[in-house]
Amino acid sequence: MTERTIKEALQGASFCLHEAGIDQPRKEAEYLLARIMNTDRLQLFLRQDETLSHAKEAVFQDAVTRRCCEEPAAYITGEKYFYGYRFAVTPAVLIPRPETELIIERALAVAGRLAGREGRGLVCADLGTGSGVLAVTLALLLPRSEVRAVDVSEAALKVARLNAAAHNVGDRLHFHRGSFWDAFDNLEPRPGFNLIVSNPPYLGRRALENLPKGVKDYEPVQALNGGEDGLEGYRLILGRLAEYALAPAVLLLEVGAGQKEQIEELCFETGLFRAITWHYDLNNWPRVIEGQIS
Ligand code: GLN
């Protein structure tokens with residue numbers, strides 16, 4: 001087979017992706033090829049008349065075929081950016097979503113007040129860490145903090161540990177296997193937290209059945225399944241919050257579509273919060289609930 005130029009390869013791939021019904025086929029093709037060539041999309045454009053080696057061509061064709069079957073690009077390239085930082089991802093973890101960055105924004109907004117005048121470091125918990133995006137980003141942006149991250153999946157913890165090491169925060173970030181707070185039950189002394197974050201699995205049974213193929217066939221169901229009504233994770237987090245929150249503390253939870261009232265109710269039932277605030281994402285959906293514990 002004669003070698004194709006970058007330009008020809010991109011045209012061919014865009015066509016295949018378009019035929020397969022993938023959104024933004026040109027951009028997707030450029031992203032995949034840029035990763036394979038270890039460069040960026042601008043360089044691809046500047047080098048479009050160069051030919052692709054047989055080896056690179058084979059890897060690119062394989063990536064395009066996988067993408068045509070709706071496999072998420074992040075699993076094909078093994079990476080995803082979150083809050084400007086690069087994270088390794090595998091099918092053992094949920095692909096970080098940009099909406100989740102709102103938790104980081106709010107964490108930064110409250111961190112100064114929580115640290116108080118003494119400027120003491122925060123003690124943070126990330127419940128259901130997956131790839132570790134929230135825990136690692138908090139450790140990076142709050143350099144005096146100590147973070148404990150939890151996940152039920154050992155395979156997910158392996159990815160999260162890799163990400164912590166890649167960002168050099170392994171010394172302030174501890175990983176624990178278990179379901180939400182249960183993961184800390186054997187720790188002596190019992191930790192107390194003043195910043196608690198989580199993006200728990202929040203899809204109910206119906207929503208889980210109606211997921212797009214790219215999510216349903218590839219992302220870990222454990223990271224998505226929130227039980228019959230999608231609220232199981234919130235019940236577990238809120239149910240034992242009193243045992244682990246160290247006032248003054250802030251709880252930041254990502255919330256799924258249509259769950260605002262029910263989650264508000266669950267929060268009120270705990271009787272723990274001095275104030276509750278909603279934060280809205282770019283689609284103007286209530287996405288993050290912030291609860292202050294005085
Ligand atoms: N905390 C990770 C994220 O926000 C994983 C969340 C999950 O698996 N439900 O991407």
Side-chain angles (χ1 to χ4, degrees), residues 72-75 78-108 124-142 147-164 166-167 169 173-183 193 195-205 207-208 211 214-216 218-227 229-238 251-257 259 263 279 281 285 287-290:
Y75 291 147
E79 69 167 28
K80 182 78 185 177
Y81 278 77
F82 179 83
Y83 216 80
Y85 299 111
R86 183 186 176 279
F87 285 89
V89 292
T90 73
V93 300
L94 189 82
I95 298 166
R97 306 294 202 267
E99 293 83 20
T100 308
E101 293 178 349
L102 192 50
I103 292 190
I104 300 293
E105 275 170 36
R106 289 312 307 160
L108 293 180
C124 313
D126 175 16
L127 305 175
T129 196
S131 59
V133 275
L134 287 172
V136 171
T137 308
L138 286 178
L140 280 167
L141 297 174
L142 303 172
V147 186
R148 291 188 187 273
V150 166
D151 209 283
V152 271
S153 155
E154 188 56 48
L157 286 176
K158 210 168 140 188
V159 177
R161 280 196 191 97
L162 268 177
N163 283 319
H167 288 288
V169 291
L173 177 42
H174 312 281
F175 292 100
H176 306 267
R177 182 160 183 210
S179 166
F180 302 108
W181 301 116
D182 295 358
F193 300 95
L195 181 61
I196 299 130
V197 300
S198 181
N199 175 20
Y202 53 59
L203 298 181
R205 189 176 46 80
L208 216 52
L211 283 174
V215 179
K216 197 175 187 163
Y218 295 98
E219 299 207 65
V221 68
Q222 218 175 12
L224 300 163
N225 184 1
D229 63 358
L231 300 173
E232 211 40 53
Y234 301 93
R235 289 196 189 91
L236 293 171
I237 292 170
L238 291 164
L251 171 75
L252 292 166
L253 298 176
E254 181 166 327
V255 167
Q259 295 178 328
I263 287 176
H279 300 283
D281 66 15
W285 286 5
R287 183 57 78 172
V288 168
I289 187 166
E290 176 178 330

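The chain is numbered in sequence order, starting from 1. One-based numbering, in listed order, for ligands and for the atoms of each.
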Classify the ring geometry between Phe87 and Phe82 as parallel (under 30°), tilted (30 to 60°) or perpendicular (over 60°).
perpendicular
For ligand 1, which atoms, with element, lie under 4.0 Å from some heavy atom of Leu94?
6 (C), 7 (C), 8 (O)
In the protein, which heavy atom is nearest to atom 8 (O) of ligand 1, and how far is it?
Ala223 CB, 3.2 Å
Out of curiosity, Glu154 CD to Arg161 CZ, how far, rounded to the nearest 0.5 Å?
5.5 Å
Can you tell me which residue and heavy atom of the protein come closest to atom 10 (O) of ligand 1, and the distance to 0.1 Å?
Val133 CG2, 3.7 Å
Where the closest heavy atom to atom 9 (N) of ligand 1 is concerned, which of Leu224, Thr129, Asn199 has it?
Asn199
Heteroatom distance test (Gly130, ligand 1): nitrogen or oxygen, under 3.5 angstrom:
no
Scan Leu238, Ile237, Leu231 and name whichever one has a side-chain contact (heavy atoms from CB on, under 4.5 Å) with Arg235.
Leu231
Is it the case that the side chain of Asp151 and the backbone of Thr129 share a donor-acceptor pair, with hydrogens and angles ignored and the cut-off at 3.5 Å?
yes
Atoms in ligand 1 flagged as close to Gly128, the criterion being non-hydrogen separation under 4.0 Å:
1 (N), 2 (C), 5 (C), 6 (C)
CD of Glu290 to CG of Leu251: how many Å apart, nearest 0.5 Å?
9.5 Å
Atoms in ligand 1 flagged as close to Thr100, the criterion being non-hydrogen separation under 4.0 Å
4 (O)
Between Glu219 and Arg97 (salt bridge meaning N to carboxylate O under 4.0 Å), is one present in this structure?
yes
